[in-house]
Structure formats: C-alpha cells, structure tokens
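Below is one structure, written out as structure tokens; the observations come after it.
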Amino acid sequence: MELGFIIVVVIIFWGVLAWGFILYSHFYGKKNALTIPGAVASNLFLGNLHDIITGGGLAKYLAKLHAKHGPVVSFWWESTQVVSTYTADAFKKQSHWFNRPEFLFANLIPLIGEKSIQITNGSKGKRLRSYLDNSFTHKAVEGYIPTLLDIGQEIVDSWDKYLDGEKVPARESLMGAALKATAQTSFGDYFSDNAACRHFNELYGKTWDEAESMLTEPKKRYSDEFSDCVEKMRAITNKIALDRKINPPTDGGRMLIDEIIDVADSDEEINDLCLTYIVAGYHNSGNLLTWMTYLLARYPDIQERVYDELVTVLGKSEPFYDYKANDLKLLKHVIDETLRVSSLASFAARYADEEVEIGGHKIPAGTPVVQALNCSYENEEVFPNAQSFDPDRFDRDHIGILDFCPFGFAGKRQCPGQ
Ligand code: HEM
C-alpha cells in the first residue's frame with residue numbers, strides 16, 4: 001500500500017472522529033443528563049430555530065411541542081437545550097427563580113439596551129427592582145388615577161366626534177392613549193403633549209416588527225431605519241432625564257424617572273431603563289385595550305353587562321375618584337379573559353436556580369426553563385372550551401393562582417406594571 005494512501009485514510013479517520021466529537025459535545029455532551037422528551041435539533045448550529053420560524057414563532061411552536069410530548073418538553077435554541085413547562089404544578093417549583101436567560105431576549109437588546117432590567121440578573125437586578133418598584137406600590141398607582149381618567153375622557157371626546165357608520169381608528173387611538181398614560185405617569189409632562197406621544201409612537205412602531213422578527217435571528221443586522229428610530233427615542237429619554245435632573249421633584253411628586261436617576265450608574269443605564277419601562281408598559285397595555293375594545297364590540301351582550309355594572313357601582317355621573325375596583329367584578333373578569341384569549345404576553349423564562357424534578361424529569365441547576373404562558377391559557381383542564389371568550393369562567397370555574405399568570409409569577413420578578 002502506498003504511503004500517500006495510508007496518510008489520506010488516517011486523515012479521514014481522524015477527521016470523522018473529530019467531527020463526531022464536535023457534534024457530540026456541541027449538542028449532547030454537556031446536557032446529556034436531560035431525559036426530557038421533545039425536539040431533536042434539526043440544524044447543527046441553529047438547533048430548532050428554523051423550526052420555530054417556520055412554525056410561526058416561539059408560542060405556536062411550543063404549543064405544538066407540548067401537544068405532542070406532554071407538559072414538560074425540551075428543544076434546542078442554537079446549541080443550548082431549553083426546557084418548557086406550562087402547568088401550575090411545574091410553575092410552583094419555579095416560583096422563586098429570578099434570573100432570566102438573556103439569550104432568549106437578545107432580539108430586544110438593540111432596542112432596550114444592554115443595561116435593561118429585562119436582562120439584568122443577580123444582585124444587581126434585584127437591587128434595581130427594589131428601587132423601581134417604589135413607583136408601582138398601591139399608593140403610588142392611586143396617585144396616577146386623575147391622569148388616567150383625563151386620558152380616558154380624551155378618548156371618549158375624540159371618538160364622540162365620529163359620525164354613525166364612520167370608521168374610528170381605534171388601534172392608533174388606544175396605543176397613543178396607552179403611551180400617554182404609562183409614560184406621563186412615569187416620566188412626566190413631556191408625554192402630556194399629544195404630538196410628542198404620536199411622534200414617539202411612530203418611532204416605536206417602526207422598530208417593533210423588526211425587533212420581534214429577530215427573535216429567532218438574533219445575529220441578523222438591523223436596518224438603518226431601525227437604528228435611526230432607536231437613536232431618536234434615546235435622544236428623547238436623554239432629554240427627559242436631563243430636564244428632571246435640573247428640576248428635581250418637589251415633595252410628594254416623585255415618579256419612576258426619579259427612581260431611575262437615583263439607582264442608575266450611568267446615562268446609558270438611565271436611557272436603557274427609561275426605554276424598557278416605556279416600551280414594556282405601553283406596548284402591552286395598548287394591545288390589551290385594543291383587544292378588549294374589539295372583543296366587547298364582538299360580544300354586545302357582555303358589553304351591555306359591563307356598562308350596567310359600571311353604572312350601578314360608580315353612579316351615572318359621579319366622578320369615580322373614590323375607586324371601587326373590587327366591586328367591578330365583571331370588568332375584572334373581562335380583562336382577565338381578554339389577556340387569556342389574546343395571549344398578549346405569551347412566555348416568560350428563568351434559569352433553574354437548583355436541580356429540580358418536574359413531571360418526573362430531572363432538570364439540572366442552570367438549565368433555561370421557559371414558562372409557556374400561552375399553553376397555560378389553553379389548558380382544557382383549567383379552561384374548559386378554552387377557545388371561547390367567556391369572562392364568566394373566572395367566576396364559575398376554579399382557577400388557581402398559578403393556573404393563570406399573565407404578568408408572570410416567579411422570583412419577585414413579575415411584571416411591575418400589573
Ligand atoms: C396588559 C399589560 C401588561 C402585561 C400583560 C405584561 C406582562 C408582562 C410579563 C409576562 C412580564 C414578564 C414577567 C416574568 O418574567 O415573570 C413582564 C415584565 C415586565 N413588565 Fe409588564 N406587562 C404589562 C404592562 C406593563 C406596564 C404598564 C409596565 C410599566 C409601566 C410594565 C413593565 C414591565 C417591565 C419593566 C418588565 C420586566 C421586569 C423585570 O425584568 O424585572 N408592564 N410584563
């Protein structure tokens with residue numbers, strides 16, 4: 001046998017062995033303790049990302065995976081194996097975890113920044129929350145009610161001007177109102193101006209679809225328009241913070257921007273935190289208002305009952321500063337049912353703090369675990385006939401606290417705006 005031939009055979013042999021080793025260590029070597037059923041990686045480097053894109057996004061992909069493999073499943077996000085769960089029993093075991101897997105939110109970083117609370121873990125994240133949550137105590141939120149009522153009245157007045165049969169641009173109007181409400185109560189007078197709100201809303205609108213589409217393509221380049229809009233939004237938060245530093249609040253007038261200025265270590269962090277709270281706050285609230293308006297229009301009998309409840313509880317003309325939210329049971333159930341059927345916030349995620357057993361499967365400490373909230377909303381055992389819009393189910397069926405958590409639940413890191 002020729003020496004050259006032997007050398008080629010040896011090289012091929014070692015090449016195949018090395019490739020096999022790379023494959024093994026890339027996917028299975030470090031995580032082979034996971035015995036959880038679910039998806040096999042369909043691509044060496046992307047894991048199941050391509051399947052997630054073609055499956056219509058993470059929420060839809062997880063719904064299919066859970067339907068096929070049960071309440072505890074796993075899939076591959078690039079070379080990391082991720083677990084997903086959705087039942088109250090599983091959530092109970094995760095209820096004290098704080099740290100969020102940053103890589104699942106990498107698409108948002110160009111929008112909200114590296115120092116956003118969304119991806120800040122450990123003691124720094126806990127410290128930020130303990131400061132910033134001061135603006136969302138019951139007492140603080142009570143102080144926002146007059147502003148919220150004024151904004152509500154503005155919507156009513158502007159919609160009143162449309163003639164019967166004329167099309168009302170409900171979504172634009174409600175998104176604008178949600179921005180004004182969340183931003184004005186947290187960042188002050190800059191957002192009391194409708195033109196300023198419209199401008200910010202437009203900038204944000206141009207960035208969101210692109211950021212969302214990057215969920216499964218985190219390494220793709222963002223467009224110049226995206227970067228330009230983000231820069232303009234940051235210039236706005238920068239100006240708001242600067243003005244506030246020059247004119248700090250007089251007694252009793254503190255709001256979120258003041259907590260942010262006090263706790264942040266740099267101007268970059270101030271901007272990241274401002275953008276995170278504006279975006280997280282108004283995106284979800286505006287979508288909730290839009291969905292609720294749509295559903296009440298589709299179900300006029302429920303709309304009528306909500307109206308009757310409001311009139312009975314609040315009185316027909318009395319301004320309702322004397323807030324009676326707990327008496328507005330049906331309205332509360334309509335909000336909950338809207339959050340459920342619209343699946344607004346479809347998932348949350350944490351790193352496992354310690355080894356835990358869920359559904360008979362061992363999950364090692366450090367494993368990223370998704371809480372598939374969208375699947376919990378469609379759990380027929382908790383929500384019979386889950387596809388139908390039925391606010392009264394929240395009165396009738398037994399729904400435990402961890403059966404329905406549209407604002408998250410784990411590690412004192414639930415949504416601060418709930
Ligand atoms: C319908 C309205 C809303 C929904 C459905 C919603 C839902 C959520 C969910 C599911 C999370 C993740 C929680 C977790 O990981 O456990 C979250 C986080 C967050 N939400 Fe909301 N949210 C809403 C309104 C708001 C408002 C009004 C604000 C602020 C004014 C806000 C600010 C935030 C922030 C800053 C976070 C990240 C918190 C952290 O990382 O510690 N949200 N929200």
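Whatever order the structure lists them in is the order used to number ligands and atoms, beginning at 1. A quick note: this is a predicted structure, and the numbers were derived from the prediction, not measured.
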When distances are taken from atom 14 (C) of ligand 1, the protein heavy atom at minimum range is Arg350 NH2, 3.4 Å
Ser42-His50 side chain donor-acceptor pair, cut-off 3.5 Å:
no
among protein heavy atoms, the one nearest atom 41 (O) of ligand 1 is Arg129 NH1, 2.8 Å
Near Lys124 NZ, under 6.0 Å, is it more than 12 heavy atoms from other residues, nucleotides or ligands? yes
Short version for Gln371: what comes under 4.0 Å of ligand 1, heavy atoms counted, is neither
The atoms of ligand 1 lying under 4.0 Å from a heavy atom of Ile117, numbered in the order shown, are 39 (C), 40 (O), 41 (O)
Would Arg413 count as a polar contact of ligand 1, with the cut-off being nitrogen or oxygen pairs under 3.5 Å? yes
Looking only at protein heavy atoms, what sits closest to atom 8 (C) of ligand 1 is Cys415 CB, 3.6 Å
Ligand 1 atoms nearer than 4.0 angstrom to some heavy atom of Ala345 are 7 (C), 10 (C)
Got a sec: does the CD of Glu114 have more than 12 other heavy atoms crowding it under 6.0 Å?
no
**Study point:** Sidechain N-carboxylate O distance under 4.0 Å for Lys332, Asp336
**Key:** yes
Atoms of ligand 1 under 4.0 Å from any heavy atom of Pro406, numbered from 1 in the order shown, are 5 (C), 7 (C), 10 (C)
**Asked** For ligand 1, is there an N or O atom under 3.5 Å from any N or O atom of Gln414?
**Response** no
Once you measure the plane-to-plane angle for Tyr282 and Phe200, does it fall in the parallel (<30°), tilted (30-60°) or perpendicular (>60°) bin? perpendicular
Original post:
Ion pair present between Arg340 and Glu337, side-chain N to carboxylate O less than 4.0 angstrom?
Top reply: yes
Checking heavy-atom distances from atom 3 (C) of ligand 1 to each of Asn284, Ile112, Thr276, the winner is Asn284
Do Thr276 and Gln118 have a side chain donor and acceptor closer than 3.5 Å? no
Should we say atom CD of Glu380 is surrounded by more than 12 heavy atoms from elsewhere, each under 6.0 Å from it?
yes
The protein heavy atom nearest to atom 26 (C) of ligand 1 is Gly281 CA, 3.3 Å
Do Phe347 and Phe105 have their ring centres less than 6.0 Å from each other?
yes
Note: heavy atom closest to atom 40 (O) of ligand 1, options Gln118, Gln94, Arg100, Gln418, belongs to Arg100
Phe136 heavy atoms within 4.0 Å reach ligand 1 at atoms 30 (C)
Margin query: Does either side chain, that of Gln153 or that of Asp157, offer a donor lying less than 3.5 Å from an acceptor on the other one?
Written below: yes
Contact region, Leu288 to ligand 1, non-hydrogen atoms below 4.0 Å, reads side chain
Closest to atom 32 (C) of ligand 1 among protein heavy atoms sits Ala280 CB, 3.6 Å
Numbered in order shown, the ligand 1 atoms found under 4.0 Å of a heavy atom of Phe409 are 16 (O)
The residue among Arg127, Lys245, Arg254 that forms salt bridge (Lys or Arg N to Asp or Glu O under 4.0 Å) with Asp262 is Arg254
re atom 36 (C) of ligand 1, the protein heavy-atom contact at minimum distance is Pro416 CD, 3.7 Å
